[in-house]
Every structure is written in C-alpha cells, then in structure tokens.
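To start, the structure itself, in structure tokens.
All chains are named by letter (A, B, ...) in the order of the sequence lines, taking the proteins before the strands, and each is independently numbered beginning at 1. Computed from a prediction, not measured in an experiment: that's the story for all the values here. Computed over heavy atoms, backbone and side chain alike; hydrogens, waters and symmetry mates excluded.
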Number of protein chains: 2
Amino acid sequence: MRISELGATTGVPVATLKYYLREGLLHAGEARGATQADYDATHVRRVRLVRALTGTVGLSLQQARTILQLVDDPGDDLYETLGCAVSALPPATTEPDPDDPDPYPLAREAMERLGWRVHPTYAGMAQLEQALAAASDAGLPMSDERLEAYARSLHDIARYDLDRLPGDDPAASVEYTVLGTALYEPVVLALRRLAHHEIAGRMLHPDAD
Amino acid sequence: MRISELGATTGVPVATLKYYLREGLLHAGEARGATQADYDATHVRRVRLVRALTGTVGLSLQQARTILQLVDDPGDDLYETLGCAVSALPPATTEPDPDDPDPYPLAREAMERLGWRVHPTYAGMAQLEQALAAASDAGLPMSDERLEAYARSLHDIARYDLDRLPGDDPAASVEYTVLGTALYEPVVLALRRLAHHEIAGRMLHPDAD
C-alpha cells in the first residue's frame, strides 16, 4: 500500500508517518520508483504501536524509542528485556542510590511476606515503596492482611496475562507485555471502582431492584 | 494542643494550617484567650485528610472541598454519597450528554456480561469506556474472557475493601472510601507489575535460585 493508504488504515496523518520515518521509529517501505514506497502489514502494526506508546500511554518519543529498540532487538534474555521494557513505562521512578543496601524497605518486606522473588531494584519496587509510604503517611497503612488479599487477586490477573505471552516470538512478547501492562492498567482501576459501586449497592440498597 | 503542636504532629507548616482555617477546610480550635486556640485529635485527623487529598491524591483545594463537604454532611443515603465522593477523584471524566441514551456502550456491555448492577452514568463507567476504547484502538481489545478473569479478581479486592467499611459511621465511611480508593490504586498497579515480574522469572528463568 502507499503511504496515504497506511495513513487511512491507521488513522495517522501522512505528515506524522513521514516524521516517524525520518526519526527511524518506522522502517522504510519497499522503494517503488524514486518518490514512492510500498508499505505492508508490518508497517500498520508498527504505526499502531508507536501511536499507542506516544498517545494513550503518554510516552515521549525518546521513551518510546527505548521500548521500540527492545522490540527490534529483544536479545537473548527475554526476562531481562521484558523487565527493561516495563521499567520504561510511567510512572517515572528514580534510580536507587547504589550505596544504599536497602533502598525500598517497605516493598522489600512486602515481597518477603508474599514470598515473591523479584529483583530488589526492579522499577516496580520503587513504585510499591512510594505507594506504601503514601498510604502510611495518610494514616491508612496497608495491613499485612490487606497486602496478602490484594496480592492473591493480582497474582491471578498476572498469571492470566503471562499465560498468554507469545513466548516463542520475542518481539511480539515485548509488544504484548508493554501494551498489556499500560493499556489494561486503567481497566483494572475502573473495574475496581465499579466493583466497589456494585457491592456498595447490594450492601446499602439491598431492596432496590 | 496549640497550633504549633498541631503542625509538629501532622508535619504541616503552621502557615498552611492557618490557610486551611481561613478557607474553612479545617474547623476552628477552641478559643483560649484572644489569640490562642486549642486543637485536638479531630484536627489532627482532618489535617491528615486535607494533606492526603491535596498532596498524594493531587486534588485542587476546590476538588478537596467537594469531598470534605461529603465527609461533614454525608446525608441519608450513604450509597449515593460514597458514589459522589469517589466520582470527585481523578481521573476527571466528562458528564455524558443527557440526550445520549447509550453514552458508554463498551462499558455497558461489560457490566451486562458481568451481571454487575451499576448506575449507567457512574463516573467509573466513563473511565472504563475510555480504557476499553484505548485498548481496542491500540489493537489489544479486552476479550470477554480477559474481562471476566480481571473482574473476578478485582471483585474479590473490592469485597475485601467493603467488608471493612465503617458503615455505622458515615463520615468515617466517606473518608475510608475516598482514601482507600485513591491511595491503594498505586499499590494495586505496583503489585500487578511485580507479580508479572515474579511469574516471568519462574517461567523464563526456571533454574535460577
């Protein structure tokens, strides 16, 4: 297909597609004469990925580039690559002080309690530390019982997600992991609020029909 | 206690406390002479709530005021009040067009599939609609099977939360609901990412110890 058709198919303006091409975010089409090129399904897929990362997910082009490089070159250690790709997603976390032997004490204790084996400086640890500290500061510390209840349910969701990882295709695995993490997070939060609403209705308005 | 002690206890500068008092976000202390007032545990609790809402949760003073008014005057219908309070939290959603008979078709279908009875224009519906549409646009639509798996787990979390609602104290119920919704959402997302990391480690590095 021509670039105009690539634009129509993906809903991305041709000027933006040309920008992606210049920036190396999108691979060149197959040359058809001096001024035309031919695009295929791989371009459609890539444009959708770039648009999702820079639009919905809200990454800068530079942040998106980090993830696209991991899609293009996932390397030999998929576990490592998936961790790096997810760590490039918001929320931004600061690198821990390398001299601090215990940078995330609340998160570390939580992982020990749950028996989860995670890298002690994985970006998710910084995220959890900040979340637990904020809840504590506001006078609503996360109890061990609540931690365990939440963790059980979220582990089930994560297991569902990982069972569908296209593990024999590393590039597709990176795409699935990044988009599935970022795009389904708002679904998770909306469903929790709707479940609260649904249960509160049955508890507090038991006679409504 | 004096205002300086209220500041030391809550970690909020006295100038900020005076601002809260002027703005009516914090109730006056008991007068002790012409220029002094006495503050008690109700003030400590309120300052922590205002600080959590305007700090961690990120509300403007005007948005926080909406919630504080519901804490101060929860009215007769706790279900309605809790729904209003949570709807005042981010993310901001726009009111649906009152003439649109089906403003959130994807979210409505999801609720029908799950058999959840929710108000069709509850703010969580707008949130879910936007999340489902974004996932779909990015080429990763939420399948019915995934929706059901996520919903089951999040319903368990919501049930845990609601079982601990201090339902005989409406003001405390509003506080718990608002803070428990907003402060535990980052915990939920961090735990999902850490669960992914943990499961991916076992799947992809089965021999690591």
Side-chain angles (χ1 to χ4, degrees), chain A residues 45 48 52 56 78-79 82-83 86 111 116-119 122 124-125 127-128 130-132 134-135 137-140 142 146 149-151 153-162 167 177 179-181 183-201 203-205, chain B residues 45 48 52 56 78-79 82-83 86 111 116-119 122 124-125 127-128 130-132 134-135 137-140 142 146 149-151 153-162 167 177 179-181 183-201 203-205:
Chain A
R45 182 181 178 135
R48 290 211 167 114
T56 312
L78 189 55
Y79 169 67
L82 296 180
V86 171
M111 293 300 104
W116 289 7
R117 192 178 61 190
V118 301
H119 194 283
Y122 182 57
M125 290 293 280
Q127 224 183 314
L128 182 62
Q130 198 173 13
L132 293 176
D137 282 353
L140 226 70
M142 191 93 179
R146 184 182 293 268
Y150 280 36
S153 293
L154 291 160
H155 203 271
D156 287 345
I157 288 178
R159 161 62 65 193
Y160 182 94
D161 294 335
L162 264 297
T177 298
L179 292 180
T181 298
L183 295 170
Y184 295 147
E185 286 185 349
V187 176
V188 164
L189 297 186
L191 285 175
R192 176 167 175 256
R193 290 197 190 183
L194 286 162
H196 285 148
H197 186 62
E198 199 268 339
I199 297 168
M203 279 174 62
L204 301 169
H205 277 188
Chain B
R45 181 180 178 136
R48 290 208 167 115
T56 312
L78 189 55
Y79 170 67
L82 297 180
V86 172
M111 293 300 104
W116 289 7
R117 193 178 59 190
V118 301
H119 194 284
Y122 182 56
M125 291 292 281
Q127 224 183 314
L128 183 62
Q130 199 173 11
L132 293 176
D137 282 354
L140 225 71
M142 190 94 181
R146 184 182 293 267
Y150 280 36
S153 293
L154 291 159
H155 204 270
D156 287 344
I157 288 177
R159 161 62 66 192
Y160 182 94
D161 294 335
L162 264 296
T177 299
L179 292 180
T181 298
L183 295 170
Y184 295 147
E185 286 186 348
V187 176
V188 164
L189 297 186
L191 285 175
R192 176 167 175 256
R193 290 197 191 183
L194 286 162
H196 284 148
H197 186 62
E198 199 270 337
I199 296 168
M203 279 174 64
L204 301 170
H205 278 187

Study note, to complete from the structure: For A:Ala52 and B:Ala138 the tightest heavy-atom approach is CB-CB, 3.6 Å

Point to revise | Non-neighbouring partners of A:Thr56 that pass side chain to side chain contact (heavy atoms under 4.5 Å, CB included), sequence neighbours left out | key: A:Leu183, B:Ala134

Check your understanding: Looking only at atom types and distance, does a side-chain atom of B:Tyr184 sit under 3.5 Å from a main-chain N or O of A:Leu140, one as donor and one as acceptor?
Key -> yes

Point to revise | For chain B, the option from A:Ala131, A:Ser153, A:Gly139 that forms the most heavy-atom pairs under 4.5 Å | key: A:Ser153

**Study point:** A:Arg192 vs B:Asp161 side-chain heavy atoms within contact, under 4.5 Å
**Key:** yes

Practice item. Answer yes or no: is there a side-chain heavy-atom contact under 4.5 Å between B:Leu154 and A:Leu189? Key: no

Review point. With only heavy atoms counted, which part of A:Leu82 is less than 4.5 Å from chain B, the side chain, the backbone, both or neither?
Key: side chain

Point to revise | Best-contacting candidate, B:Leu204, B:Leu78, B:Leu179, against chain A by heavy atom pairs under 4.5 angstrom | key: B:Leu204

Practice item. For A:Ala149, enumerate each residue passing the side chain to side chain contact (heavy atoms under 4.5 Å, CB included) test, keeping only those at least two apart in sequence or located in another chain. Key: A:Arg152, B:Tyr160

**Study point:** Where A:Leu194 and B:Leu128 come nearest, the two heavy atoms and their spacing
**Key:** CD1-CD2, 3.7 Å

Exercise for review: Report yes if the side chains of B:Asp156 and A:Asp156 come closer than 4.5 Å at any heavy-atom pair, otherwise no.
Suggested key: no

Check your understanding: Counting N and O atoms only, with roles assigned by atom type, does the side chain of B:His197 sit under 3.5 Å from a partner on the main chain of A:His119, one being a donor and the other an acceptor?
Key -> yes

**Study point:** Heavy-atom pairs under 4.5 Å with chain A, option from B:Arg48, B:His196, B:Met125 with the top count
**Key:** B:His196

Point to revise | A:Met142, part contacting chain B, at a heavy-atom distance under 4.5 Å | key: both

Point to revise | Residue B:Tyr122 versus chain A: region with a heavy atom under 4.5 Å | key: side chain

Check your understanding: Who wins among A:His155, A:Gln127, A:Arg193, A:Gln130 for the most heavy-atom pairs under 4.5 Å with chain B?
Key -> A:Arg193

Exercise for review: Measure distances from A:Arg146 to the heavy atoms of chain B and classify the residue's part below 4.5 Å as side chain, backbone, both or neither.
Suggested key: both

